[in-house]
Amino acid sequence: MGEAAGDDVEYVEVCAEDELSDGDKIGFDIDGTRVLLARVAGRYYAISGVCTHERAFLDEGAVVDNVVYCPRHYSAFDLRTGSVLGPPADAPAPTYGVRVENGAVLVSVVPVATAAEPDPEVLFEPVPEAASAQQRLFERIDALRWLHRAADGFSAVATPVRGALAPRGVLDLLHGRWFGHALHPALSDLPIGFWAGSVLLFVFGFAGPAVLLSVAGLVAAVVAVVTGLADVTVTDGPDRRLGVLHGLIMSAAFVVQLGTPIAYLAGSSLVAGLLAAVSLLMTLAGAFLGGHLVLGRGAMVDHTVWPPRTAEWSRAVQVDDLQAGSTATAAVDGRTVLLYRSPSDGSISAIEDACSHASGPLSLGRVCEGVVSCPWHDSAFRLRDGAVVRGPATFPQPALEVRVAGDWIEVRPRAAR
């Protein structure tokens with residue numbers, strides 16, 4: 001039962017075999033190191049008991065199937081491998097060997113390298129494709145140590161600023177909640193277009209109009225930078241590092257572009273044109289990273305827009321399992337649904353559990369007066385219809401139709417209107 005390490009690794013007894021039931025967990029110390037032991041489907045798994053994000057104790061979090069959630073920011077770790085399944089953590093948790101001998105559960109005193117067991121239901125495994133040049137590029141970018149430090153520094157500054165601005169609705173405006181989608185990707189097209197036009201006019205000898213477009217791009221870039229900064233504050237791990245690099249390149253392009261009108265006013269149209277061209281090249285490089293962040297990584301896009309669909313009613317939970325003022329989750333047609341019974345009138349609502357912003361588990365968030373808050377980035381949604389109450393989410397949660405059939409609560413997707 002559980003993963004075993006080599007024979008040369010020392011083990012210590014932790015508990016009796018029958019002390020833990022499926023879904024139970026305990027935390028304990030080995031030479032001052034916190035370790036989490038959990039039992040899932042009759043097997044025991046042990047991983048580091050300290051979250052790799054901000055060092056909260058994982059044994060104080062929730063265990064759901066093979067996943068343990070950090071109690072502080074709800075990072076998710078696979079108990080079997082220690083791998084990260086959900087942000088904000090992006091470093092895996094070390095795993096420990098486990099043995100069951102003579103009715104006792106033993107855990108290795110040091111972390112061990114363990115390979116995931118083959119899944120007996122998998123009939124074959126496809127041969128991995130060779131990484132593309134783009135994949136290799138982004139892997140090398142994410143491996144830059146200075147970028148990790150820069151992202152950590154950004155987080156240290158941005159977190160308190162976000163905490164101060166969020167209650168005032170400023171960030172909802174910057175994220176684009178009231179416009180129905182993120183603002184930054186649309187606004188970022190403006191400086192690119194203005195500066196591309198500026199370079200073209202310089203090439204044909206129209207220096208005066210070229211400088212006007214350069215200045216217009218600078219003004220548009222200020223707005224784009226502010227909205228981009230807001231969006232980066234609600235990213236995690238590789239997304240945050242890529243967002244920080246994107247912002248650094250775009251900021252450098254802004255500074256270079258600022259030299260265009262200065263050089264022109266100083267009487268050097270040639271230098272002004274060269275600076276405009278260099279700035280445009282830097283902007284295109286930054287836009288390449290930004291495009292990957294949105295289209296390749298799914299930042300600030302609707303994560304619920306392609307759920308499995310069926311027109312049939314499906315059983316979710318039994319009526320007695322959903323008490324007034326409480327929530328419950330159910331796996332329905334390949335997705336998780338969050339149900340809520342109103343304490344005022346007993347009405348039942350159902351919405352997608354995965355947050356539309358970054359797929360955070362809403363079922364692990366706070367519920368207050370019919371509004372659920374995402375545990376990852378604090379987006380808030382009205383449970384009765386999925387409407388966005390607070391960003392960074394800009395897209396509502398898909399709401400499902402609900403009915404009571406006998407002892408069961410059943411759901412189905414709402415018909416398109």
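All of these numbers come straight from a predicted model, not from anything done at the bench.
In this structure the side chain of Y340 never reaches within 4.5 angstrom of the side chain of L322, judged on heavy atoms. The shortest distance between side-chain heavy atoms of T260 and F202 falls below 4.5 Å. The closest side-chain heavy-atom distance from V107 to I30 is below 4.5 Å. Looking at F179 and L173, their side chains come closer than 4.5 Å, going by heavy atoms from C-beta outward. Between F154 and L229 there is a side-chain heavy-atom pair separated by less than 4.5 Å. Within the 4.5 Å cutoff, the side chain of T327 has no heavy atoms near those of the L339 side chain. With a 4.5 Å cut-off on side-chain heavy atoms, E401 and W313 count as touching. Within the 4.5 Å cutoff, the side chain of W195 has heavy atoms near those of the T283 side chain.
In this structure a side-chain-to-backbone donor-acceptor pair under 3.5 Å is missing from K25 to A62. Proximity of a side-chain donor or acceptor of T95 to a complementary backbone N or O of V112 within less than 3.5 Å is detected. With S214 contributing its side chain and A210 its backbone, the two residues share no donor-acceptor pair below 3.5 Å. In this structure a side-chain-to-backbone donor-acceptor pair under 3.5 Å is missing from T33 to D29. A donor-acceptor distance shorter than 3.5 angstrom exists from the side chain of Q397 to the backbone of E352, with no hydrogens or angles considered. Distance alone, capped at 3.5 Å, places no donor-acceptor pair between the D353 side chain and the P361 backbone. Side chain of R177 to backbone of V388: a donor-acceptor contact under 3.5 angstrom is found. Checking side-chain atoms of R335 against main-chain N and O of A354 turns up no donor-acceptor pair under 3.5 Å. Formation of a donor-acceptor pair under 3.5 Å by the S251 side chain with backbone atoms of G247 is found in this model. In this structure, the side chain of S268 does not engage the main chain of Y264 through any donor-acceptor pair within 3.5 Å.
The structure places CZ of F206 at 13.0 Å from OG of S269, a figure rounded to the nearest 0.5 Å. In this structure, CD on E139 lies 12.5 Å from CG on L144, to the nearest 0.5 angstrom. Distance OG1/T52 to CZ/F77: 3.5 Å, rounded to 0.5 Å. A distance of 5.5 Å separates CG in L37 from SG in C15, rounded to the nearest 0.5 Å. Note that CZ of R240 and OG1 of T233 are 6.5 Å apart. Values are rounded to the nearest 0.5 Å. One distance of note links CG of L400 with CD1 of I351; it measures 9.0 Å at 0.5 Å rounding.
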(request) I would like to know whether Q257 and M282 meet side-chain contact (heavy atoms from CB on, under 4.5 Å); could you show each step before the answer? (result) CA-CA 10 Å; Q257 187 70 223; M282 297 172 67; over 6 Å; no
(message) Under the criterion side-chain contact (heavy atoms from CB on, under 4.5 Å), I'd like the reasoning laid out for D385 against R382: C-alpha separation, chi angles, the key distance, then a yes or no.
(response) CA-CA 6 Å; D385 58 5; R382 201 163 53 216; 2.7 Å; yes
(request) Check the pair D378 / R366 against salt bridge (Lys or Arg N to Asp or Glu O under 4.0 Å), numbers first and verdict last. (result) CA-CA 9 Å; D378 211 30; R366 302 180 305 276; 3.1 Å; yes
(message) As a quick check of understanding, evaluate side-chain contact (heavy atoms from CB on, under 4.5 Å) for L242 and D142, giving each step before the final call.
(response) CA-CA 7 Å; L242 189 62; D142 196 56; over 6 Å; no
(message) One pair to check against side-chain contact (heavy atoms from CB on, under 4.5 Å): L218 and F194. What are the steps and the verdict?
(response) CA-CA 9 Å; L218 288 168; F194 283 132; over 6 Å; no
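Evaluation of the salt bridge (Lys or Arg N to Asp or Glu O under 4.0 Å) rule for D152 yields no partner, not counting sequence neighbours. Under the side-chain contact (heavy atoms from CB on, under 4.5 Å) criterion, H246 pairs with H184, M250, L289, sequence neighbours left out. Taking S83 as the reference, D78, T81, L85 meet the side-chain contact (heavy atoms from CB on, under 4.5 Å) condition, with sequence neighbours excluded. Checked against salt bridge (Lys or Arg N to Asp or Glu O under 4.0 Å), R34 has the following partners two or more places apart in sequence or in another chain: D59. For F57, there are no ring pair (Phe, Tyr, Trp, His ring centres under 6.0 Å) partners two or more places apart in sequence or in a different chain. Taking R341 as the reference, nothing meets the salt bridge (Lys or Arg N to Asp or Glu O under 4.0 Å) condition, with sequence neighbours excluded.
Within a 6.0 Å sphere centred on CZ of F28, other residues, nucleotides and ligands contribute more than 12 heavy atoms. The environment of D345 atom CG is dense: over 12 non-hydrogen atoms of other residues, nucleotides or ligands sit within 6.0 angstrom.
Taking a cutoff of 4.0 Å between a charged side-chain nitrogen and a carboxylate oxygen, R39 and D24 do not qualify as a salt bridge.
Aromatic rings of F138 and F288 (six-membered ring for Trp) have centroids within the 6.0 Å cut-off, being under it.
Exactly one residue among T227, T394, D231 makes a side chain to side chain donor-acceptor pair (under 3.5 Å) with H175. That residue is D231.
When all heavy atoms of S279 and A253 are compared, the pair lying nearest together is OG-O, 2.8 Å. Nearest heavy-atom pair across L58 and V68 is O-CG2, 3.6 Å. When every heavy atom of S349 is checked against every heavy atom of L383, the shortest pair comes out as CB-O, 3.2 Å. Across every non-hydrogen atom of V319 and G406, the tightest pair is CG2-O, 4.0 Å. The two residues G243 and L293 come nearest to each other via the heavy atoms CA-CD2, 3.9 Å. When all heavy atoms are compared, the tightest approach of V372 to L362 is CG2-O, 3.4 Å.
A side-chain donor from one of S373 and R390 sits under 3.5 Å from a side-chain acceptor of the other. With no hydrogens or angles considered, no side-chain donor-acceptor pair links R384 and S342 at under 3.5 Å.
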